[in-house]
**Student:** 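Have a look at this one.
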Amino acid sequence: MVDKEKVEQAVRLLLEGIGEDIEREGLTQTPERIAKMYCEICQGMDADAGEHLKKTFTVETNGMVVEKDIFFYSLCEHHMLPFFGKVHIAYIPNGKVAGLSKLARTVEVYARRLQLQERMTAQIADALAEHLNPSGVMVMVEAEHMCMTMRGIKKPGSRTSSIAVRGAFAENMGLQEQVFQMIRE
């Protein structure tokens with residue numbers, strides 16, 4: 001849970017540390033605004049993906065389910081700058097499926113915290129594997145990292161891709177290629 005009071009104190013110190021006058025008209029409300037923002041963008045810190053994935057539906061088929069282009073925003077834990085992009089999820093049901101909005105909510109649980117893209121990718125895959133018990137899961141994340149585009153190396157437009165595979169997808173490259181094909185369409 002975000003401690004608003006501590007965030008406000010930290011922002012005041014940061015503003016003073018960079019040489020700003022915290023009593024300047026444009027900054028007097030900034031600590032409160034930033035604390036409120038962090039409550040929103042870090043709400044995944046205490047969230048449990050299992051809460052979203054516990055509601056499932058029984059299915060007779062085991063055809064692959066792909067939900068692509070789930071847009072997300074997250075914060076890099078190294079610089080606390082945003083990274084953002086798309087998550088693509090594929091899984092092979094083993095008798096049950098989750099509602100499509102539940103997949104997007106699962107992404108939000110892990111995106112709304114200080115994060116590493118690679119960890120987030122694995123966390124989403126592991127949550128789906130644990131709670132849906134599918135025959136296989138594949139998660140692909142494509143993101144642009146502001147810590148790389150606006151500072152440091154300064155390479156705007158560069159994207160990072162990460163993939164996590166579980167079960168049948170780890171064992172069958174043909175299934176992975178099928179997902180890549182569906183993502184490109």
**Student:** So which heavy atom on T106 is nearest to which on A49, and how close?
**Tutor:**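 So the minimum-distance heavy-atom pair works out to CG2-CB, 4.0 Å.
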**Student:** Would you indicate whether the side-chain heavy atoms of F169 and M64 approach each other to under 4.5 Å?
**Tutor:**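 Yes; the side chains approach each other to less than 4.5 Å.
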**Student:** Got a sec, which residues hit ring-ring contact (aromatic ring centres under 6.0 Å, His included) with Y73, two or more places apart in sequence or on another chain?
**Tutor:**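 In terms of ring-ring contact (aromatic ring centres under 6.0 Å, His included), with neighbours along the sequence ignored, Y73 is linked to F71.
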**Student:** Mind jotting down which residue pairs meet the salt bridge (charged side-chain N to carboxylate O under 4.0 Å, His left out) criterion with at least one end in residues 14-23? Sequence neighbours excluded, please.
**Tutor:**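 The answer is E20-R24.
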**Student:** Over all heavy atoms of both residues, which pair between K4 and C39 is shortest? Give the atoms and the distance, please.
**Tutor:**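 Of all heavy-atom pairs spanning K4 and C39, the closest is CG-SG, 3.2 Å.
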**Student:** Do L15 and R12 come close enough that some side-chain heavy atom pair is under 4.5 Å?
**Tutor:**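 They are not in contact (no side-chain heavy atoms under 4.5 Å apart), so the answer is no.
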**Student:** In chain order, what residues pass the side chain to side chain donor-acceptor pair (under 3.5 Å) check against T121, with sequence neighbours excluded?
**Tutor:**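 So T121 forms a side chain to side chain donor-acceptor pair (under 3.5 Å) with S162.
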**Student:** Report the residues that fulfil side chain to side chain donor-acceptor pair (under 3.5 Å) with Q181, sequence neighbours left out, ordered by chain and then residue number.
**Tutor:**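 Only R184 meet the side chain to side chain donor-acceptor pair (under 3.5 Å) criterion with Q181.
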**Student:** Would you say I70 and V109 are hydrophobically clustered, going by side-chain heavy atoms of ILVMFWY under 4.5 Å?
**Tutor:**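 As far as the 4.5 Å side-chain criterion goes, V109 and I70 are connected within one cluster.
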**Student:** Is there a side-chain contact between Y91 and E67, using heavy atoms and a 4.5 Å cut-off?
**Tutor:**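 Contact flag for Y91/E67 side chains = no.
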**Student:** Under the rule for salt bridge (Lys or Arg N to Asp or Glu O under 4.0 Å), what residues qualify as partners of E108, not counting sequence neighbours?
**Tutor:**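 Result, salt bridge (Lys or Arg N to Asp or Glu O under 4.0 Å) vs E108: R112.
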**Student:** List the residues meeting salt bridge (Lys or Arg N to Asp or Glu O under 4.0 Å) with R105, not counting sequence neighbours, and say none if there are none.
**Tutor:**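 Once residues adjacent in sequence are excluded, R105 has no partner under the salt bridge (Lys or Arg N to Asp or Glu O under 4.0 Å) criterion.
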**Student:** The criterion is side chain to side chain contact (heavy atoms under 4.5 Å, CB included); which residues satisfy it with H88, sequence neighbours excluded?
**Tutor:**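 Testing H88 for side chain to side chain contact (heavy atoms under 4.5 Å, CB included), a comparison that skips the adjacent residues, returns K68, D69, K86, M140, E142, I183.
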**Student:** Mark yes when over 12 heavy atoms from residues, nucleotides or ligands other than R159 sit less than 6.0 Å from its CZ; otherwise mark no.
**Tutor:**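 No - once you tally the heavy atoms of other residues, nucleotides and ligands closer than 6.0 Å, there are 12 at most.
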**Student:** How far does NE2 of H79 sit from CE of M150, to the nearest 0.5 angstrom?
**Tutor:**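 Between atom NE2 of H79 and atom CE of M150 there are 11.0 Å.
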**Student:** With E144, which residues qualify under salt bridge (Lys or Arg N to Asp or Glu O under 4.0 Å), at least two apart?
**Tutor:**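 None.
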**Student:** Restricting to pairs with a member in residues 35-48, which pass salt bridge (charged side-chain N to carboxylate O under 4.0 Å, His left out), not counting sequence neighbours?
**Tutor:**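 Output for this query is empty, none listed.
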**Student:** Under 4.5 Å between side-chain heavy atoms, chaining through other members, with only Ile, Leu, Val, Met, Phe, Trp and Tyr counted: pull out the rest of the cluster around L13, sorted by chain and number.
**Tutor:**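 L13 shares its hydrophobic cluster with no other residue.
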**Student:** Could you tell me which non-hydrogen atom of L53 sits nearest to which non-hydrogen atom of A127, and how far apart they are?
**Tutor:**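 Nearest pair, atom of L53 first, then A127: CD1-O, 3.7 Å.
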**Student:** Listed by chain and number, what are the salt bridge (Lys or Arg N to Asp or Glu O under 4.0 Å) partners of K96, not counting sequence neighbours?
**Tutor:**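 Salt bridge (Lys or Arg N to Asp or Glu O under 4.0 Å) check on K96 returns nothing, list empty.
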**Student:** Do the non-hydrogen side-chain atoms of V11 and V7 ever get within less than 4.5 Å of each other?
**Tutor:**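 Yes, at least one pair of side-chain atoms sits under 4.5 Å.
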**Student:** If the condition is ring-ring contact (aromatic ring centres under 6.0 Å, His included), which residues does F83 pass it with, not counting sequence neighbours?
**Tutor:**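 By the ring-ring contact (aromatic ring centres under 6.0 Å, His included) rule, F83 matches F72, H145.
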**Student:** Do L116 and I41 land in one hydrophobic cluster if side-chain heavy atoms of ILVMFWY residues count as linked below 4.5 Å?
**Tutor:**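 No; I41 is not reachable from L116 via cluster members.
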